[in-house]
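Working notes, beginning with the structure itself.
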Amino acid sequence: MECAACAVRIEKRLGKQTGVQSASVNYATGEALVEYDADEVRVDQLVAAVEQTGYGVRLEAADEEGVVHEQEARYRAIRRRTIAAAVLSLPVVVLSMAHGALDFPGMRWLLLALTTPVVVWAGAGFFDGAWRAFRHHAADMNTLVALGVGTAYGYSVLATVAPGLWAATGQRPEVYFEAAAVIVTLILLGRLLEERAKGKTGAAIRRLMDLQPDTARVVRDGHEVEVPVADVSVGEMVVVRPGERVPLDGTVIDGASAVDESMLTGEPLPVEKGLGDAVTGATVNRTGAFTLRVSRTGAGTTLAQIVRLVREAQGRKAPIQRLADIVAGVFVPTVLLIAIATFVVWFDFGPEPRLAYALLTFVSVLIIACPCALGLATPTAIVVATGKAAEHGILLKGGDAIERVREVEVVLLDKTGTLTEGTPRLTDAAPVGGWDEASLLALAAAAEMRSEHPIGEAIVAEAEARGLALPPLEAFQSQTGLGVEATVAGRTVLIGNRDFLDEHGIEQDVLDSIAIDLAQAGKTVVRVAVDGKAAGVLAVADTVRASSKAAVQALRNLGLEVVMVTGDGEASAQAVAEAVGIERVEANVRPAQKAEVVRRYQREGRVVAMVGDGINDAPALAAADVGVAMGAGTDIAIEASDVTLMRDSLAVVAEAFRLSNRTLRTIKQNLFFAFVYNVLGIPIAAGLLYPFFGMLLSPVIASAAMALSSVSVVTNSLRLRGFNLGETA
C-alpha cells in the first residue's frame, strides 16, 4: 500500500464479505486486522477479496525476522532508485534553470536522454501502481503522481520530437523535463524518509521479539544439550546460567537467583526467584544458576502474548480516524476533478501562453495533493505509543481504548490486589499476661502449621520471616469459622475469635480493648490463649501497597474522581481509603455487584474506568468504558480489559492515562496538519494567488511539499518515543 486511499479500499472490500464483523487496515504497518465468523467465511476467501483489489497478501507470519528483512529490502530498493534519480536529475535542473545561458544544439535531446531513465525506471512504481488501480476501477496516490509526471514528460517529449506541431503558433514550445525528473526524485525521497520513519514506529515490537534467546540449554538423558528454542517442549528441564536470558516460561525446580524482569514489566529492581517460583521467558538471570521446568512454549509464552496484544492494538483504529478515512476514500477522485477544472479554466481564461499555464497548474494540483498524511496521522501515533507503553509494562489495546481514556471522569479502584497487596500479613502482635511478642508468635505459628486458612498462613509466614524457632506441634484440631486448638510442646494453644475462647472458658477482659482498637483500624483480629489463660491478640490485614497513595494522588491531579469498590465492611474499607487518600467508598459490594456499580455511575452520565485484577473483576472491567487490569491478575481479567499493567503497581495507571492523553493530542495535531496542508496547498497549486500577487506554484515546489507532508506527520508521531513515563521508566 502506498497511500491512505489504498487502505480504505481494502478495508471496504473486506468489510463487505459475508461473516466479517469488522476489518481494520493499518496503512502505517501494512497490516489488516479482521474479525470474522469462521462458519461463514474462510481465510482464503478473505485473501481473494484483497487480491481482487490489486494487492498481494501474506498471512501473518511467525517469522518476524522475515518481515523485517522484507521492509529493509523495500527500503534499499527505494534508496537505489532515489539516488539514481537524483544523480540524473541534477544536470537536467542545471541546464533547464540556466535560462538559455547554457543552450546548445541538441540540448533538449540530452534532457530527454537524462530524464527518460528517471521517469521510466526510477518512477516505474508510480505507473505500475496507477495501472493496477485502473484495472480494478480505482484511483490512488500513484494515479495522481503518474498523471502529473506523465503529462509533464509526455508534453516535453512531443515538443522535442515533433516541434513542428506548434509551427502555427509561431512560438517554440516549452519543455518541462526538469519538472518531471525532480517530481519523481522528490517523491521518491519522501517515500524513502517515510519508509525509514515508519520502520522506527514498529521498532518496539522488533525489540520485544529480539528479547527471546535463539537457543536453550536443555537437560536430555542426563546431559545438557543446546537446542533451538523452537525445539523445546513443555515439561522439559532447561538450565539458565548467570547473565543469560531465560529462554521460555517455566517454574524453578532447582537453584535460585535474582531475575531482571524490567524488559517486560518496567520494574527496575531484580526479583528473587527460588524453588517453585514462576519465571518468564526473555527476562535476564542476574546472579545464581537455576533449572526450570518449561510450562509454555511458542505462541503461549508471555512474550508472544504481549507481542500479539501489541500488534492487535496497533491494528485497531481510533474513532477519530473515521473522518480521515472518509476523506481519503473520496480524495483522489476529488483531486482529479479539481485538476481537470483547473486545466480548463487556465486554458480558456488564462493569459498567454495559456497551454503552458494550464499544464503547470494541472500538474501542480495533482502533485501537491497528499492523502498519505491523512492516512498516517492516526496509525503512526498509535503504533509508537503502544510500542513505547509495552516497553514499560503497559499494554494499550488500540486506538479506541486510547481515545476513551481521554474521556474518563471516574476511576473505580478494586481494593484487594489493587490498592492492597492482595495477601494477608500479620501486622500486630500484642502479648498480655507476661508473654513477650516472639514467644507468643512462635507458639501461635506452631499451632497454625497445619492450617490452610489465610490468617493461619499469614501468622506462619511472619514467624518464618523473623527466623523464629517453632516448638513441635503434637496435636491439631480446626473448627471452621471459630478457630484452632492445638498442643504445642505440651502446652494447649487456642487461636480464634471471642466466641471460640468463650466456649473454652477463657477470661478475655484484658484482650477486649486491644481487639476493638485493632478492628476499628480495619484489621482482622484473632485472640490467643495458652493453658487456659489469655496470652495476647494477633492482627492480620491485607497491607496497602507502598505506591497506592501516590498513585491515587496522581489520578486526582489528572482531574479524575477516584472511588474505592470493595466487598469488605465499612470500617475496614474506610481504613484503607483514609490510608491512600480516597474520599468516596463503595463498601459491602459483592463480586457480582461490581458491574452494577459501574453501570450506576454510567447512568449518571459519567465515563467510567475500572481497575481490578481478579476473575470477579472481569464483568466490571468489561462493563466499564475503560477497563484496566493489573498484570498479576487472571487471564480472564486481562482479556476483559482495555489496558493491562504488567506490574503490580497502581502508579502505572496514571502514567498509562497520561500517555493516552498525549497520544490523542498528537493524533489531533497530525490530522490538523494533514487537513490544513491539503486545504491550503491544493488551491494555491491551482493558482489562487495569481490574480493577487502574480504567483504560481512550481510543480517542483509542489512535489517537495507533498513529500515533506507525510514525513512531518510521521516525525511528529515519533516524538512520542521520548515521552517520559515517570515511575515506569
Side-chain angles (χ1 to χ4, degrees), residues 1-9 11-12 24-29 139-145 148 186-187 190-191 193-194 197-198 201 316-339 341-342 361 364-385 399-400 402-403 406-407 661-689 697 699 701-720:
M1 296 186 297
E2 293 179 336
C3 75
C6 309
V8 172
R9 190 161 74 251
E11 195 171 279
K12 286 181 178 178
S24 177
V25 178
N26 190 330
Y27 168 53
T29 62
D140 57 21
M141 189 66 203
N142 289 313
T143 306
L144 300 180
V145 176
L186 288 176
I187 295 178
R191 288 195 174 174
L193 296 174
E194 181 184 317
K198 282 161 63 177
T201 65
R316 298 184 185 278
K317 293 185 177 181
I320 197 173
Q321 175 69 13
R322 290 172 188 155
L323 176 60
D325 285 348
I326 293 172
V327 173
V330 299
F331 188 89
V332 174
T334 302
V335 171
L336 284 172
L337 291 175
I338 294 173
T342 300
T361 52
S364 293
V365 169
L366 292 174
I367 296 303
I368 200 169
C370 185
C372 301
L374 289 172
L376 292 168
T378 299
T380 52
I382 291 173
V383 168
V384 175
D400 47 354
I402 288 172
E403 189 164 343
R406 179 67 179 267
E407 301 169 352
N661 290 341
R662 172 69 177 276
T663 303
L664 189 60
R665 187 161 68 246
T666 300
I667 290 172
K668 289 181 176 179
Q669 291 170 352
N670 287 347
L671 289 173
F672 175 79
F673 293 150
F675 276 112
V676 168
Y677 165 81
N678 284 291
V679 168
L680 295 180
I682 293 175
I684 291 174
L688 179 65
L689 300 181
L697 189 66
I701 302 300
S703 60
M706 191 275 274
L708 290 174
S709 64
S710 298
V711 176
S712 63
V713 166
V714 179
T715 303
N716 190 48
S717 296
L718 286 173
R719 292 193 305 123
L720 289 168

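Just the heavy atoms: all of them, side chains too, but no hydrogens, waters or symmetry mates, feed the values below. In this text the structure is predicted, and so the values were computed from the model without any measurement.
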Taking only residues two or more places apart in sequence or in another chain, which ones pass side-chain contact (heavy atoms from CB on, under 4.5 Å) with [X]?
{"X": "A377", "result": "N670, L671, V713"}
{"X": "V679", "result": "none"}
{"X": "T342", "result": "I338, W346, T361, V365, A686"}
{"X": "K12", "result": "V8"}

### Message
In the structure I gave you, are the side-chain heavy atoms of V335 and N678 within less than 4.5 Å of one another anywhere?
### Response
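A side-chain contact is absent here, since even the closest heavy-atom pair is not under 4.5 Å.
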### Message
Are I382 and I667 packed together at the side-chain level, in the sense that at least one heavy-atom pair is separated by less than 4.5 angstrom?
### Response
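They are in contact (side-chain heavy atoms under 4.5 Å apart), so the answer is yes.
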Do you know the tightest heavy-atom contact between [X] and [Y]?
{"X": "V25", "Y": "E11", "answer": "N-OE1, 2.8 Å"}
{"X": "A369", "Y": "F331", "answer": "CB-CE2, 3.7 Å"}
{"X": "L720", "Y": "A381", "answer": "CD1-O, 3.6 Å"}

State the [atom1]-[atom2] distance between [X] and [Y], to the nearest 0.5 angstrom.
{"X": "S364", "Y": "I701", "atom1": "OG", "atom2": "CD1", "result": "9.5 Å"}
{"X": "I682", "Y": "L697", "atom1": "CD1", "atom2": "CG", "result": "11.5 Å"}
{"X": "L366", "Y": "T143", "atom1": "CG", "atom2": "OG1", "result": "10.0 Å"}
{"X": "R662", "Y": "I402", "atom1": "CZ", "atom2": "CD1", "result": "13.0 Å"}
{"X": "L689", "Y": "I684", "atom1": "CG", "atom2": "CD1", "result": "5.0 Å"}
{"X": "S709", "Y": "F673", "atom1": "OG", "atom2": "CZ", "result": "12.0 Å"}

### Query
Only one of I368, V332, I367 forms a side-chain contact (heavy atoms from CB on, under 4.5 Å) with L144, so which one is it?
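Of the listed options, the one satisfying the test is V332.
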### Query
With sequence neighbours excluded, what pairs up with R719 under the side chain to side chain donor-acceptor pair (under 3.5 Å) test?
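Scan of R719 (side chain to side chain donor-acceptor pair (under 3.5 Å), adjacent residues dropped) gives Q669, N716.
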